[in-house]
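Chain identifiers are assigned alphabetically (A, B, ...) following the order of the sequence lines, protein sequences preceding nucleic acid strands; residue numbering begins at 1 within each chain.
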Amino acid sequence: MAARLDVQKTYKLFIGGAFPRSESGRTFALLARNGSLIANVAQASRKDLRDAVVAARSAQPGWAARTAYNRGQILYRVAEVMESRRGEFAEDLNRCGVPIASARKEVERAIDRWVWYAGWCDKFHHLAGTVNSVAGPYFNFTMPEPTGVVGIVAPESPGLLGLVSRLAPALVSGNTAVVLTGEASPLTAVSLAEVVATSDVPGGVVNILTGATKEMLPWLLGHRDVNAVDLTGAPNLEAATVAEAAENVKRLIRGEPDDQSPYVIADFCEMKTVWHPVGR
Amino acid sequence: MVTLPRRAGRLEEVSTEVVTPAASAVFAPRSRSGVALRVTPVDEVGLEARARTFTTRSIKTTSKRAAINLAISCIDLTTLEGMDTPGKVAALCRKAVRPDPANPGLPSVAAVCVYPQMVPAAVLHTTGTGVHVASVAGAFPSGQSSMAVRVADIEQAVADGADEIDIVISRGAFLSGDYRYVFNEIEAQKVACGPAHLKVILETGELGSYDQIRKASMLAMAAGADFIKTSTGKVAQNSSMPVALCMAEAIRDYADQTGEIVGLKVAGGIRTAKQAWHYLVLIAETLGTQWLTPDLFRIGASSLLNDLLLQIQKLDTGRYSGPNYVSVD
Amino acid sequence: MADEIEPANLSLTNVTFDLEYAPALESKSIVSIDKEYGLFIGGKFVEPKDGKKFVTVSPSTEEKLSQISSASAADVDRAVKAARKAHTEIWGRMSGRDRAKYLFRIARQLQERAREFAVLESIDGGKPIRESRDVDVPLAAAHFFYHAGWADKLEYAFPDRRIAPKGVVGQIIPWNFPLLMLAWKIAPALATGNTVVLKPAETTPLTALLFAQLLQDVDLPPGVVNIVTGAGATGSALVEHKDVDKLAFTGSTSVGKQIQRSAAARGLPLTLELGGKAAHIVFEDAALDQAVEGVINGIYFNQGHVCCAGSRLLVQESIADSFIDRLKNRMSTLRVGDPLDKNTDVGAINSSEQLGRITALVEAGVAEGAEIYQPSCALPAKGYWFRPTIFTNVQQSHRIAREEIFGPVLSVLTFRTPEEAVAKANDTQYGLSAGIWTEKGSKILWMADQLDAGVIWANTFNQFDPASPFGGYKESGFGREGGLQGLSAYVSLSSPRGAS
């Protein structure tokens, strides 16, 4: 009997909880080292970016309004669903050139990172927030709030772990995200989108655009309805491109591709301070 | 004596008018004209902060002289001691009419304020001078007597010649929420006053919060007070700038809502000229200068007058004066 | 008996009290202003390389106060080099305990010379002595005192991190709170081990220069703080300098954006404290008399030259008319005039340029159909003055409801529901501060959650404290000043385990 013929996956964008092709109709060929075709991957356009920002903006208040307990459970659910697809993620990384042993290790660490950040949702306020002893009859406290819609340039390497290390802390406080994936490892990004789509994460909270990061970044940095951009995955940018961020006084975040820390959660937050008199 | 409009309001158990949440359904006083009175909540910290700003107003030279003259003319020169005698009252009256014999240009005080038993002596020594005779009455300072006794007390003082009566509200009834009782007792004592002016003491030191002081102010005005007054001087907490501000704001609110004008008397613990003009600034900037007359503003005090005289002497001579240069009465 | 007594002086008893408080001037003799000042570089006052000077004037009298040095790019370079040297050789290596002691010294000397700083601030900037004496200078001292205590405790501020100072920081401050903004900038920078090059605003350099003299008195090592005076070109030279490790700017949003363009292109750490158009929201169930005070203080404090000023009053429609009446009444007691008079509530506009901007926007308000009210107070003949102003019938689309006026001008709008109040309040590019007045606790917390602003004052306004972080959302800037959160702008943090 002949061997079973594989069913090949179409790698599409993830916008507002759906998996559309690029409105531009473009794809790019992802090739293995030996030059064979791994997949045709959707190549996002600036209009896809625009749609992703609209989806992220409309999802943001609802995501932030959920209880921290609920957000924590949903992020933990992402880890659960990812765990059941460990093999596939490792294989995807491997197809993109990561040795299989390292790939397995990276997948495990990525899953564990979701678990780690899921647990922070209802705890990081303890660390980032403060009650402030002002010199007067006032109760004064500072609390972290999500910045809003954040753009994330996923680090090229480690492809999966880097993406999770930047995306998860942004979601903890209630931000929604538009992710530009690295061109080297879009497969795991799309697989992660499928995990997100089946983990009770509301549509629009995470949006993933595969394709030419360089082409998209000026549009992301110049977008007036994006509050912050994480440039960890784009360390060397043209000056004129980054300067676009000043258009709406955008927050620029620069971190480590493989950091795991509550300080990263705070990097994606605003600090709000509230005063109230204490009297009878 | 300026005749103030007579008021008679009413208190209804339940109001259908929109009132603020702080004016609970059981407290909805109405003015004589039937206006449902809004009682605005008070924030303690903000009120006290505003009250402090009046004390940073700097009053110098010509302003200071005007302030001292005005303060003198607004004093209810007071003696409320168990050991008061007609002799003591005679000395007080002399001081009231002519505060500094060496300085005949100074105004007289507004009134002398005494216990009912001392009213005849006070009348004897002030008749024809224009200085009013105020009597505390109605079981002052506790108010803890039957209405019959309190009314009789007032009627006697008025019959003896007092033309101003200072009474206290029943704090117990007020604090237990029996606003109708407090309203009715003020109204009854107002009737007993006849032509005499009624000053209603809230005894703010026993009311517990500025919200309560504001509420009591509105209640007293609705029930017919010509003046509302801070304190008896007989409890630990006397008048203070925030208390006076709280009551002044209630008076302004009452005037805005009803068109009726009520006076303010601050009493207790006011001993220095500086304190006195802080109150004048408070009145001027809260109610307006039209309230800065003895008809609408009084300071109940005894030792304050001498401090004002020392300040005048400093202005006149350029030298700091001392207690040996004023009469101790 | 009674007839022996002379009649009372009744004629005097009905004299209305004259509220025109006689002038109560704070003495100027406590300050001495030099004819000219150099730049403070490397612990000494030095002449600018090209010898250029400019005049600083008193906005209340238009009197020329002093000749101030204008720092060129070459002077800025000297200052940065001095700061670098001080950082490498002394300050960057000094123990936190000793840095703390220097900051405590500075705080104490500011307290000791408080009146001198206050009078000078009022002369140079036009703000009432009551504010410079009771707010600016005590708060500036408090900032040094607060941050002094942090200098040797940073490991508790940032647990599980390796902490390093940024190095040399460039700081540019505005003219509305000259000494206080200096304190907000310098105190956290020094506490965390940085050295500083600071540029004060060109219209208000004098207290910064007096502060430089104070630094000499406390023996702060040369070069730890350098003060370069000048206008925009001096600021640009500091922003563009290649050897600055971090920039901090307080000022207008438009200049802030230029600075961000430059800093972002170089990946330079930056914090910005920019403009605002704060909504001050008053509900019908508020403590109205205190709300009036809050609104008045919110817009007329410091002539409205306050980035967090409550310049948009949103009042619930059910009480709008009576509340506006109360406001107008209260405005009539405001005293506009000589900043050195202790009874002055509203001082001089900081410069003729700023007066022009305010006037133009107010004219735009009138032209757009809003209704203007100003109390009829007399203004001094010389100097720059603007009457406290209220606009009613303002619509959300009017320029005076959208643009920062930075003057004593309040725009009044109304709302019907909490949702509408939030929608109107957030309908702005800014997000620095907001005010809420209601006696209902749950509504305060709901509103505070909904409003896009870094500082929320509920049942109070314009309160500041070194322990309380201050800073904005959206185009009002990023980063915080004050409190634990304010320290992070001046440190580099890394994982103690290295990259994992």
Side-chain angles (χ1 to χ4, degrees), chain A residues 61 64-65 109 127-145 147-148 165 221 224 227-228 231 235-252 254 256-263 266-267 269-277 279, chain C residues 142 158-161 253 256-267 269-270 272 274 290 429 431 436 441 444-445 448-449 451-461 463-478 480 482-486 488 493-495 499-500:
Chain A
R109 292 185 67 216
L127 302 186
T130 50
V131 171
N132 311 311
S133 50
V134 296
Y138 299 94
F139 183 63
N140 178 294
F141 62 95
T142 301
M143 57 181 176
E145 284 195 345
T147 299
S165 297
L221 283 162
R224 285 177 154 199
N227 301 96
L231 290 174
N236 303 307
L237 281 175
E238 281 175 34
T241 302
V242 193
E244 279 290 297
E247 177 59 29
N248 65 333
V249 194
K250 210 174 259 97
R251 287 84 175 113
L252 295 178
R254 292 181 172 91
E256 299 297 324
D258 182 15
D259 196 3
Q260 173 179 283
S261 147
Y263 292 94
D267 285 343
C269 287
E270 298 286 338
M271 292 295 159
K272 178 180 276 182
T273 298
V274 181
W275 293 70
H276 196 279
Chain C
F158 304 106
D160 192 39
R161 292 285 102 166
T253 290
K257 286 181 180 181
Q258 289 170 31
I259 292 175
Q260 191 185 6
R261 292 188 79 85
S262 170
R266 292 176 284 150
L270 172 71
L272 296 172
L274 308 177
Q290 286 73 55
Q429 79 218 58
I436 308 163
I444 291 171
L445 294 175
D449 180 62
L451 292 168
D452 295 333
V455 184
I456 310 277
W457 286 296
N459 290 324
T460 186
F461 206 86
Q463 300 293 335
F464 308 95
D465 194 277
S468 176
F470 183 92
Y473 281 32
K474 302 197 283 190
E475 292 193 21
S476 289
F478 45 72
R480 293 293 176 269
L484 173 65
Q485 290 81 356
S488 55
L493 302 177
S494 54
S495 168
S500 46

Item to check | Most chain C-contacting option - heavy-atom pairs closer than 4.5 Å, from Leu231(A), Val242(A), Leu127(A) | outcome: Val242(A)
Item to check | Under 4.5 Å from any heavy atom of chain A - which part of Leu274(C) | outcome: side chain
Next on the checklist: Just verifying a value: how many Å separate Trp275(A) CH2 and Asp465(C) CG, rounded to the nearest 0.5 Å?
Outcome noted: 5.0 Å
Next on the checklist: Once rounded to the nearest 0.5 Å, what's the spacing between atom CD of Gln485(C) and atom CD of Glu270(A)?
Outcome noted: 12.5 Å
Checklist entry - To the nearest 0.5 Å, what is the distance between CE (Met143(A)) and CD1 (Ile456(C))? => result 7.5 Å
Checklist entry - Under a 4.5 Å heavy-atom cut-off, does chain A meet the side chain of Pro269(C), its backbone, both or neither? => result neither
Checklist entry - Roughly how far apart are Tyr263(A) OH and Ser488(C) OG, rounded to 0.5 Å? => result 9.5 Å
Checklist entry - Closest heavy-atom contact between Asn132(A) and Ser468(C)? => result ND2-CA, 4.2 Å
Checklist entry - Which residue out of Arg266(C), Gln429(C), Gln258(C), Lys474(C) racks up the most heavy-atom pairs below 4.5 Å with chain A? => result Lys474(C)
Checklist entry - What are the two closest heavy atoms between Glu145(A) and Tyr473(C), and how far apart are they? => result OE1-OH, 2.7 Å
Next on the checklist: Out of Gly267(C), Gly483(C), Gly471(C), Ser262(C), return the one with the most heavy atom pairs under 4.5 angstrom to chain A.
Outcome noted: Gly267(C)
Next on the checklist: Let me confirm one number: the CG-NZ distance from Leu451(C) to Lys272(A), rounded to the nearest 0.5 Å.
Outcome noted: 6.0 Å
Checklist entry - Counting only N and O atoms by type, is there a donor-acceptor contact under 3.5 Å from the side chain of Thr273(A) to the main-chain atoms of Pro469(C)? => result yes
Checklist entry - About how many Å separate CH2 of Trp457(C) and CG of Asn140(A), when rounded to the nearest 0.5 Å? => result 10.5 Å
Item to check | Residue selection (most heavy-atom pairs with chain A, distance under 4.5 Å) from Asp449(C), Leu493(C), Ile436(C) | outcome: Asp449(C)
Checklist entry - Is chain C contacted by the side chain of Ala128(A), its backbone, both, or neither, given a heavy-atom distance below 4.5 Å? => result backbone
Checklist entry - Considering residues, nucleotides and ligands other than Arg254(A), do more than 12 of their heavy atoms fall under 6.0 Å from its CZ? => result yes
Checklist entry - Taking only residues two or more places apart in sequence or in another chain, which ones pass side chain to side chain donor-acceptor pair (under 3.5 Å) with Lys250(A)? => result Asn248(A)
Checklist entry - Does any heavy atom of chain C fall under 4.5 Å from the side chain of Glu247(A), the backbone, both, or neither of them? => result backbone
Checklist entry - If you count heavy-atom pairs under 4.5 Å with chain A, which of Ala467(C), Ala264(C), Ala453(C), Ala458(C) comes out on top? => result Ala458(C)
Checklist entry - Between the side chain of Arg251(A) and the main-chain N/O of Gly477(C), is any donor-acceptor distance below 3.5 Å? => result yes
Next on the checklist: Apply side chain to side chain contact (heavy atoms under 4.5 Å, CB included) to residues Val249(A) and Lys257(C) and explain how you reach the verdict.
Outcome noted: CA-CA 6 Å; Val249(A) 194; Lys257(C) 286 181 180 181; 4.0 Å; yes
Checklist entry - Which answer fits Phe158(C), side chain, backbone, both or neither, if we ask what part of it has an atom under 4.5 Å from a heavy atom of chain A? => result both
Checklist outcome for this item: Turns out that what part of Ala142(C) lies under 4.5 Å from chain A's heavy atoms comes down to neither
Next on the checklist: For a 4.5 angstrom cut-off between non-hydrogen side-chain atoms, does Ser261(A) reach Arg161(C)?
Outcome noted: yes
